[in-house]
Amino acid sequence: VHYTGYLHQTANEIFDCSHDRGSPLTITLGVGTFIPAWEIALAAMKVGEEAIMICDPEYAYGEAGYPPRVPPNAVLRFEISFLRAVEPLAPLHERILDAKECRKSGNAHFTGHSPEYTNAIADYRRGLTLLTECWGATLSEESEIDELRTALWSNLAAAYLKIQDYAGAKEACTAGLEGTPFHPKMLFRLGQALTGLGDFAGATRTFASAAEVRIMDDFLQLIAKTNIAPL
């Protein structure tokens, strides 16, 4: 919403205005972080609607006020523009499960007898969208989310390569490598994308990096199997 707040009893003095800050205010209803008048009014409004709301102190800041801008027992007036509404996000554990299903569905479209790469791309992108805004994740959830994101970005890049959308593949690899910079498969796919875009020097460097990472991975696996500690 955009809004302007006035002290209704003192010549309409403005005490707060989102327009002055240059950006709308984002509000989550039902969690008790805003005054009761806002909860009641916004729940009754529609997107695109404008309203003038006058609220008594018991529906605003009450006897305490909101020093120094709002005095005690103030009647307030708000002019509100309802710009946009979004559905609340599902609980994180549900979104992780849904993202896994997106990965599974995308893989089925990718590897079927008649591959449907466009549908695979849509599935992978939906899975990634589900894994945005993951605040409050536990350590085990963070690990699971990181693994899922890496797989989804890598698979998305592979699907773009199949339809020769090299710019899309480059974008997917670049995003995925931000979280996992030494992922050999993603580095290799980035090299393929750069080749398709005609950036042969960049592709050569990226293929070399992928080879170095793969050699180091093989070396570390050998150490683990032989139980030899590195010097």
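Keep in mind that what you see is a predicted model, and the values were worked out from it rather than measured. Below, each value reflects all heavy atoms present in this structure, side chains not excepted, and no hydrogens, waters or symmetry copies.
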Can you tell if the side chain of [X] reaches within under 4.5 Å of the side chain of [Y], non-hydrogen atoms only?
{"X": "D146", "Y": "T180", "answer": "no"}
{"X": "Q9", "Y": "P71", "answer": "no"}
{"X": "L190", "Y": "M186", "answer": "no"}
{"X": "L83", "Y": "V1", "answer": "no"}
{"X": "R95", "Y": "L92", "answer": "yes"}
{"X": "E63", "Y": "P72", "answer": "no"}
{"X": "L156", "Y": "L152", "answer": "no"}
{"X": "V75", "Y": "P57", "answer": "yes"}

Check whether more than 12 heavy atoms from other residues, nucleotides or ligands sit under 6.0 Å from atom [atom1] of [X], and answer yes or no.
{"X": "R126", "atom1": "CZ", "value": "no"}
{"X": "E79", "atom1": "CD", "value": "yes"}
{"X": "R21", "atom1": "CZ", "value": "yes"}
{"X": "F207", "atom1": "CZ", "value": "yes"}

Checklist outcome for this item: Excluding L97, membership of its hydrophobic cluster (Ile, Leu, Val, Met, Phe, Trp, Tyr; side-chain heavy atoms within less than 4.5 Å) reads none
Hey, quick one: are [X] and [Y] part of the same hydrophobic cluster, counting side-chain heavy atoms closer than 4.5 Å, chains of contacts allowed?
{"X": "L76", "Y": "Y3", "answer": "yes"}
{"X": "I54", "Y": "L7", "answer": "no"}
{"X": "Y59", "Y": "I52", "answer": "no"}
{"X": "I121", "Y": "L161", "answer": "no"}
{"X": "V47", "Y": "V86", "answer": "no"}

Please round to the nearest 0.5 Å and tell me the distance separating atom [atom1] of [X] and atom [atom2] of [Y].
{"X": "H2", "Y": "S23", "atom1": "NE2", "atom2": "OG", "answer": "7.0 Å"}
{"X": "I163", "Y": "Y117", "atom1": "CD1", "atom2": "OH", "answer": "10.0 Å"}
{"X": "H8", "Y": "M53", "atom1": "NE2", "atom2": "CE", "answer": "12.5 Å"}
{"X": "R103", "Y": "D98", "atom1": "CZ", "atom2": "CG", "answer": "15.0 Å"}
{"X": "E147", "Y": "E142", "atom1": "CD", "atom2": "CD", "answer": "14.0 Å"}

Minimum heavy-atom distance between [X] and [Y], given as atom pair plus value:
{"X": "P184", "Y": "V213", "result": "CD-CG1, 3.8 Å"}
{"X": "E141", "Y": "A137", "result": "OE1-CA, 3.4 Å"}
{"X": "L187", "Y": "P181", "result": "CD1-O, 4.1 Å"}
{"X": "A120", "Y": "F110", "result": "CB-N, 4.2 Å"}
{"X": "A60", "Y": "P36", "result": "O-CD, 4.2 Å"}

Checklist entry - Which pairs count as ring-ring contact (aromatic ring centres under 6.0 Å, His included) when at least one residue sits in residues 63-107, sequence neighbours excluded? => result F15-F78, W38-F78, Y61-Y66
Next on the checklist: Considering only residues two or more places apart or on different chains, which pairs with a residue in residues 185-211 satisfy side-chain hydrogen bond (donor to acceptor under 3.5 Å, both in side chains)?
Outcome noted: S154-R189
Item to check | Pairwise side-chain hydrogen bond (donor to acceptor under 3.5 Å, both in side chains) hits with a residue in residues 157-173, at least two apart | outcome: R125-Y160
Item to check | R149 side-chain N/O to L131 backbone N/O, donor-acceptor pair under 3.5 Å | outcome: yes
Checklist entry - Between S143 (side chain) and S140 (backbone), is there a donor-acceptor pair under 3.5 Å? => result no
Item to check | ring-ring contact (aromatic ring centres under 6.0 Å, His included) involving Y6 - partner list, sequence neighbours excluded | outcome: none
Next on the checklist: Working note: D16 + V70, criterion side-chain contact (heavy atoms from CB on, under 4.5 Å); need CA distance, chi angles, decisive distance, verdict.
Outcome noted: CA-CA 10 Å; D16 193 15; V70 178; over 6 Å; no
Next on the checklist: Suppose we screen for side chain to side chain donor-acceptor pair (under 3.5 Å). Which residues come up paired with S105, at least two apart in sequence or across chains?
Outcome noted: D123
